[in-house]
Peer 1: 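Mind having a look at this structure? Questions to follow.
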Amino acid sequence: MKSKLESQTIKLQSKLSKKVISKNCLPKKIKIVCGIDVSYKEKMAFCTAIILDINNLNIQETIRFSMKISYPYIPGLFMLRESEPILQTLKKIKTDFDILLIDGHGRLHPRFCGLACYIGIKMNKSTIGVAKKILCGRTKSDSTVEYKGKILGFELKNNKKKIYVSVGHKINLKSAVNIVKQLILEKKWYPEPLRLADSDSKNFRKQYLHKKITH
DNA sequence: GCGACAG
DNA sequence: ATCTTGTCGC
């Protein structure tokens, strides 16, 4: 049984999919990138945004934000669960960044509007969707991912591990893939801003839970 | 109808 | 995502 909110969100996704811009709206030289990720403990969400310089990977700013969360994870409706902590965290960032990496799909989504598209439109920022698992579509021999006759994603393989890149907003697929490739370090398989954000959000959660015991 | 299914 | 031991590799 689908709730009212779920039906509304599905409609919203279809509507917003038409507003997604799959063309580059970026400065010639990208300098500052942001990666954001969320960890969970029961009904608490712990979100970290890492802002770094793409040229030297020096961290410019780290932002943490936690909140109580109420919505479960539903495939295709991930935004219902994860968009609020992400948007709240982004509000606290002081450093201006050129591009935002999101842990989840962009246009490679059943309604062409995954979390990365939603955040991009909401923030009016360039975003890239990076997911560890495919949600829809099929990978072709040239590593592009096709869904309903459209090339919407790209599969990157690093030592058996796969990731799926797709347009979030205000960028084209080719540029999105190039930026993600540039951010995957030697011996790593996940782009550095997201790897750092994932790691820090888990530390954030650990510290929060420890405080709960000691106080 | 059945299976698959971002985090 | 989270839970969770030992284990493989640098």
Side-chain angles (χ1 to χ4, degrees), chain A residues 1-2 6 9-10 12-14 16-17 20 35-49 65-90 100-122 127-139 145-148 150 152-156 158-169 173 176-177 180 185-191 193-210 212:
Chain A
M1 180 63 190
K2 222 174 285 160
E6 287 166 37
T9 305
I10 287 169
L12 178 66
Q13 287 175 336
S14 300
L16 289 182
S17 70
V20 173
I36 192 158
D37 194 27
V38 186
S39 295
Y40 296 91
K41 178 66 183 182
E42 287 156 16
K43 291 195 168 180
M44 286 294 290
F46 302 88
C47 187
T48 296
F65 174 80
S66 66
M67 65 180 283
K68 189 172 173 293
I69 206 132
S70 50
Y71 223 82
Y73 162 70
I74 300 165
L77 295 173
F78 187 35
M79 62 166 68
L80 228 34
R81 180 170 172 83
E82 199 151 298
S83 66
E84 204 49 44
I86 287 177
L87 290 169
Q88 295 289 336
T89 307
L90 291 174
L100 174 61
L101 271 65
I102 296 285
D103 194 1
H105 290 290
R107 290 199 68 209
L108 185 57
H109 178 275
R111 289 166 294 277
F112 314 105
C113 186
L115 177 65
C117 300
Y118 180 69
I119 300 294
I121 291 169
K122 205 87 178 167
T127 59
I128 301 173
V130 179
K132 298 173 214 62
K133 285 189 276 186
I134 200 161
L135 175 63
C136 62
R138 167 184 153 273
T139 306
V145 184
E146 184 183 88
Y147 178 64
K148 290 192 173 174
K150 296 170 185 172
L152 298 178
F154 196 89
E155 183 185 278
L156 287 176
N158 280 59
N159 299 327
K160 304 285 174 197
K161 298 271 199 176
K162 295 171 181 174
I163 59 172
Y164 300 88
V165 178
S166 63
V167 169
H169 192 46
L173 183 57
V177 171
V180 171
L185 272 51
E186 191 81 20
K187 305 271 180 185
K188 300 287 197 300
W189 63 286
Y190 210 50
L194 288 177
R195 201 183 65 79
L196 295 172
D198 175 66
S199 163
D200 187 88
S201 69
K202 289 186 169 83
N203 284 332
F204 181 20
R205 176 181 63 189
K206 189 175 172 183
Q207 288 164 19
Y208 176 92
L209 295 174
H210 189 258
K212 239 184 157 178

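Computed over heavy atoms, backbone and side chain alike; hydrogens, waters and symmetry mates excluded.
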Peer 1: List in numerical order all residues of residues 109-117 of chain A for which some heavy atom is under 4.0 Å away from an atom belonging to DNA chain B.
Peer 2: His109(A), Gly114(A), Leu115(A)
Peer 1: Applying ring pair (Phe, Tyr, Trp, His ring centres under 6.0 Å), name anything that partners Phe46(A), two or more places apart in sequence or on another chain.
Peer 2: Phe204(A), Tyr208(A)
Peer 1: What range of DNA chain B does chain A touch, first nucleotide to last, counting atoms under 4.0 Å from its heavy atoms?
Peer 2: dC5(B) to dG7(B)
Peer 1: In chain order, what residues pass the salt bridge (charged side-chain N to carboxylate O under 4.0 Å, His left out) check against Lys132(A), with sequence neighbours excluded?
Peer 2: Asp103(A)
Peer 1: Once Watson-Crick and G-U wobble pairs under 3.5 Å are found, how is DNA chain B written in dot-bracket notation, 5' to 3', with | for any base paired to another strand?
Peer 2: .......
Peer 1: Determine the contact category for Gly76(A): base if any of its heavy atoms lies under 4.0 Å from a base atom, sugar-phosphate if only primed atoms, P, OP1 or OP2 are that close, otherwise nothing.
Peer 2: base
Peer 1: When you list every nucleotide of DNA chain C with an atom under 4.0 Å from a heavy atom of chain A, which one comes first 5' to 3', and which comes last?
Peer 2: dA1(C) to dC3(C)
Peer 1: Could you note down all residue pairs passing salt bridge (charged side-chain N to carboxylate O under 4.0 Å, His left out) where residues 71-86 of chain A supplies at least one of them, sequence neighbours left out?
Peer 2: none
Peer 1: Residues two or more places apart in sequence or in another chain: which of them pass side-chain hydrogen bond (donor to acceptor under 3.5 Å, both in side chains) with Ser199(A)?
Peer 2: none
Peer 1: Can you name the residues that form a ring pair (Phe, Tyr, Trp, His ring centres under 6.0 Å) with Phe65(A), not counting sequence neighbours?
Peer 2: none
Peer 1: If the condition is side-chain hydrogen bond (donor to acceptor under 3.5 Å, both in side chains), which residues does Asp198(A) pass it with, not counting sequence neighbours?
Peer 2: Lys202(A)
Peer 1: How would you list, by chain and number, every residue that makes a ring pair (Phe, Tyr, Trp, His ring centres under 6.0 Å) with Tyr40(A), sequence neighbours excluded?
Peer 2: none
Peer 1: Using Watson-Crick and G-U wobble pairs whose two distances are both under 3.5 Å, how do you write the pairing of DNA chain C as dot-bracket, with | for links to another strand?
Peer 2: ..........
